[in-house]
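Okay, so here's the structure we're looking at.
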Amino acid sequence: MACKCGGYYYTLNAKASFDRDLTRTRKFLLRNVSVVRMFTTGFFRSKWRSIAGKRRILSMDAREKSRSTILESSKDKRVPIFVMMPVDIFTLDASGCPRIRKLKALTVSLKALKLAGVHGIGVEVWWGIVERFSPLDYDWSLYEEIFKLVSDSGLKLHVALSFHSNIHSSNGKGRASLPLWILEIGDVNKDIYYRDQHGFSNNDYLTLGVDHVPLLSGRTALQCYEDFMLSFVNKFESFIGSVIEEISIGLGPSGELRYPAHPFGDGRWKFPGIGEFQCYDKYMMEDLKMAACREGKPQWGDKGPQNAGCYNSVPSGVPFFEEGKESFLSDYGRFFLEWYSGRLICHADAILAKAAKILKKYQENEQTSVMLVAKIGGIYWWYQTLSHPAELTAGYYNTALRDGYDPVVSVLSRHGAALHIPCLEMMDSEIPPTYLCSPEGLLKQMQSVSKKRIVNLIGRNTMERLDKTGLWKIRSNCYNPQAEVRLFHDVEPYASSISPSYCKGAVIGTQIPSAKYQDPFPIRTAIIPYRGDGSITMAYPEVFSQLDPPSPEDPQLPRRRPMFRSLPTVSLTTVGTKFGELNHSS
């Protein structure tokens with residue numbers, strides 16, 4: 001599911017950029033990905049490898065055993081589909097307390113999604129709503145009501161603990177800032193937020209520079225996150241494992257592990273700008289100075305790269321992102337990028353370690369087992385360039401010569417967390433090549449490194465789309481006999497009498513074993529778009545048995561031809577099992 005606060009994603013494209021099969025013996029290059037070979041030599045080893053390397057995956061045998069069980073048992077099960085709750089599900093009353101909007105409509109919509117075969121609902125739990133007024137004063141009443149509604153509808157929960165703000169990305173409803181007492185501290189000390197080279201601060205998320213600095217009413221940022229997670233687990237212990245199947249931990253803006261290098265809500269950045277480095281708050285600058293001194297180059301700690309352009313620059317003509325003495329390939333360039341990306345990895349490591357510790361007792365019990373999840377951004381523009389500048393400014397030290405996602409996924413693997421990846425519906429062929437984008441190349445890289453590190457995947461579509469082509473792309477990305485893929489779909493389940501203006505669509509699907517093929521058959525998926533003319537279009541799974549000739553992309557897998565029908569009343573069925581009838585006007 002593409003979180004509503006993740007609105008900086010756009011669609012532009014190009015072809016896949018490089019071959020991760022080039023050198024199996026080098027740690028950071030991925031394996032088993034067939035894409036166009038661009039570079040055959042050159043590799044820069046990371047000094048931050050120890051972050052994920054020396055403390056390599058713990059309990060690997062147990063995790064492999066657990067994953068094998070999942071794979072074997074999931075072949076005959078439906079692929080779990082989660083639909084994200086819209087951000088405007090709540091409003092604040094005159095006293096500042098949250099209240100559910102259109103409660104009756106939400107209840108009807110949840111029941112409709114259950115009938116459609118949806119597995120669960122994704123709910124963002126906002127730090128700024130729960131701990132709104134004062135430190136350690138938690139009000140869970142809004143989420144008690146929402147969770148009960150979801151549970152009573154027979155749906156499961158993916159809970160996203162959101163330590164960020166959506167003020168700059170929401171449409172005015174359901175806006176969640178950081179806690180008010182945090183904002184008061186920020187009014188006095190703006191360095192608790194990320195800053196760019198111009199001194200502009202971003203109050204969507206606390207800078208990781210205060211992770212270990214007790215500036216927040218005597219607590220560090222990490223202690224605030226830990227206390228919030230503990231309070232959540234204590235409050236909803238009875239739901240964990242039964243209703244709450246997945247808990248995603250917010251690690252940055254939009255809940256994603258990244259820097260706010262592309263601030264889409266305040267006018268500073270527009271697609272496809274490369275973005276700017278976000279390390280100019282005084283706490284990160286102090287850390288940079290110490291790192292430079294340890295390197296024996298104190299002059300490197302005075303500031304970040306001064307030749308890296310601005311938010312809306314393109315790579316051409318920006319010295320830091322080209323080849324040269326003062327580029328990302330220089331000694332200084334490698335030092336800075338290793339520090340910048342390494343601090344982000346340390347941030348994820350520290351938070352996930354606390355989350356894993358809190359959830360450990362539930363993980364040890366099969367009946368209460370819950371999946372820990374970490375979300376990553378989909379920075380796919382300029383992916384075909386040598387430097388991958390938009391990824392570098394976001395904190396992913398990923399270039400054509402270096403795999404920057406391996407150390408990130410290694411941290412997730414060590415803590416038993418699943419990776420939440422974007423771009424499931426996006427295709428390179430649909431996008432003009434102007435900005436050298438490759439969402440498919442980015443997705444393949446993430447899938448490959450996840451397989452290498454034995455990390456489960458959760459996928460989401462980046463943008464809402466209801467066309468058949470996007471559906472089949474999601475299906476093909478979900479079909480992976482080597483890993484369990486769970487899917488989020490970008491829809492709005494919040495509707496008045498299943499009104500077309502609210503219910504944008506839902507995806508259901510299942511993975512079917514086939515006697516004809518050794519591996520499970522590709523995911524069979526149906527989409528239910530609620531159209532503006534008042535009708536409901538249904539792709540019936542039963543007719544998917546009609547096979548076209550083999551797909552040119554993969555001759556081993558046949559294409560399936562869906563059949564669409566428009567009816568005022570439709571039967572919602574999956575694999576021949578009738579779940580019931582839904583009338584769009586009732």
Side-chain angles (χ1 to χ4, degrees), residues 12 14-20 22-23 26 28-29 36-49 196-198 258-259 261-262 269 271-280 284-285 288-289 291-344 379-405 407 433-438 441-442 445:
L12 283 171
K15 297 179 181 178
S17 63
F18 56 93
D19 190 348
R20 293 287 177 178
L22 299 181
T23 314
R26 291 175 175 175
F28 286 135
L29 292 185
V36 179
R37 177 172 299 194
M38 178 180 283
F39 300 98
T40 56
T41 59
F43 177 77
F44 296 105
R45 295 183 179 272
S46 171
K47 296 176 184 178
W48 287 94
R49 181 177 305 168
D196 62 22
Q197 60 184 332
H198 311 291
R258 61 176 176 84
Y259 292 101
H262 312 94
W269 174 84
F271 181 87
I274 59 177
E276 291 188 13
F277 293 109
Q278 306 288 312
C279 60
Y280 291 90
M284 288 199 70
M285 289 306 297
L288 176 60
K289 288 177 182 178
C293 289
R294 289 193 296 270
E295 190 72 15
K297 299 283 187 178
Q299 68 274 20
W300 287 354
D302 293 338
K303 47 187 171 291
Q306 297 301 290
N307 59 346
C310 59
Y311 285 108
N312 295 310
S313 297
V314 298
S316 178
V318 178
F320 189 76
F321 298 116
E322 296 185 318
E323 297 183 68
K325 292 189 295 184
E326 297 182 351
S327 74
F328 74 101
L329 298 172
S330 66
D331 290 341
Y332 167 74
R334 290 197 293 270
F335 159 77
F336 176 80
L337 292 173
E338 286 168 0
W339 170 81
Y340 189 69
S341 62
R343 292 293 288 116
L344 196 65
I379 315 297
Y380 57 82
W381 52 101
W382 306 117
Y383 186 85
Q384 284 197 98
T385 63
L386 177 66
S387 59
H388 294 221
E391 292 169 89
L392 296 184
T393 56
Y396 306 128
Y397 190 1
N398 188 58
T399 71
L401 307 174
R402 182 187 193 279
D403 177 23
Y405 296 104
T434 312
Y435 306 122
L436 299 175
C437 307
S438 184
L442 176 64
Q445 183 180 354

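These values consider heavy atoms only, across backbone and side chains, with no hydrogens, waters or symmetry-generated copies. Along the sequence shown, residues carry numbers from 1.
- Of the inter-residue distances, the one linking Y332 atom OH with L329 atom CG reads 14.5 Å to the nearest 0.5 angstrom.
- Under the 4.5 Å side-chain criterion, counting only non-hydrogen atoms from C-beta, Y280 is in contact with M285.
- Although no hydrogens or angles enter the test, the distance criterion places a donor-acceptor pair under 3.5 Å between the side chain of W382 and the main chain of P272.
- Proximity of a side-chain donor or acceptor of E322 to a complementary backbone N or O of S316 within less than 3.5 Å is not detected.
- By the 4.5 Å heavy-atom criterion applied to side chains, N398 and I379 are not counted as neighbours.
- Heavy-atom minimum distance, W339 versus A291: CD1-CB, 3.7 Å.
- Counting all heavy atoms, side chain and backbone alike, P389 lies closest to T385 at CD-OG1, 3.3 Å.
- The minimum heavy-atom distance between G333 and S330, with the atom names listed, is N-OG, 3.0 Å.
- Ring to ring, Y435 and W381 are not that close: their centroids are 6.0 angstrom or more apart.
- Note that the CD atom of E338 and the CZ atom of R343 stand 15.0 Å from one another [nearest 0.5 Å].
- To the nearest 0.5 angstrom, T393 atom OG1 is 10.0 Å from R258 atom CZ.
- No hydrogens or angles considered: a donor-acceptor pair under 3.5 Å links the side chains of Y405 and E391.
- The line from OH of Y397 to CZ of R334 is 6.5 Å long, rounded to the nearest 0.5 Å.
- A 4.5 Å side-chain heavy-atom check between K297 and F335 finds every atom pair outside the cut-off.
- Nearest heavy atoms, Q278 versus M284: O-SD, 3.8 Å.
- Separating the CG atom in L392 from the CZ atom in F321 is a distance of 5.5 Å, to the nearest 0.5 Å.
- Across C310 and I274, no two heavy atoms sit closer than the pair O-CG1, 3.6 Å.
- Taking both residues in full, the closest heavy atoms of Q445 and G404 are given as NE2-N, 4.4 Å, listed atom of the first, atom of the second, then distance.
- The distance from the CG atom of L436 to the OH atom of Y383 is 13.0 Å, given to the nearest 0.5 Å.
- The aromatic rings of F320 and F277 lie perpendicular to each other, with more than 60° between the two planes, well past the 30° mark.
- Formation of a donor-acceptor pair under 3.5 Å by the N307 side chain with backbone atoms of E326 is found in this model.
- Remark: side-chain polar atoms of Y259 are paired, donor with acceptor, to backbone N or O of Y340 under 3.5 angstrom.
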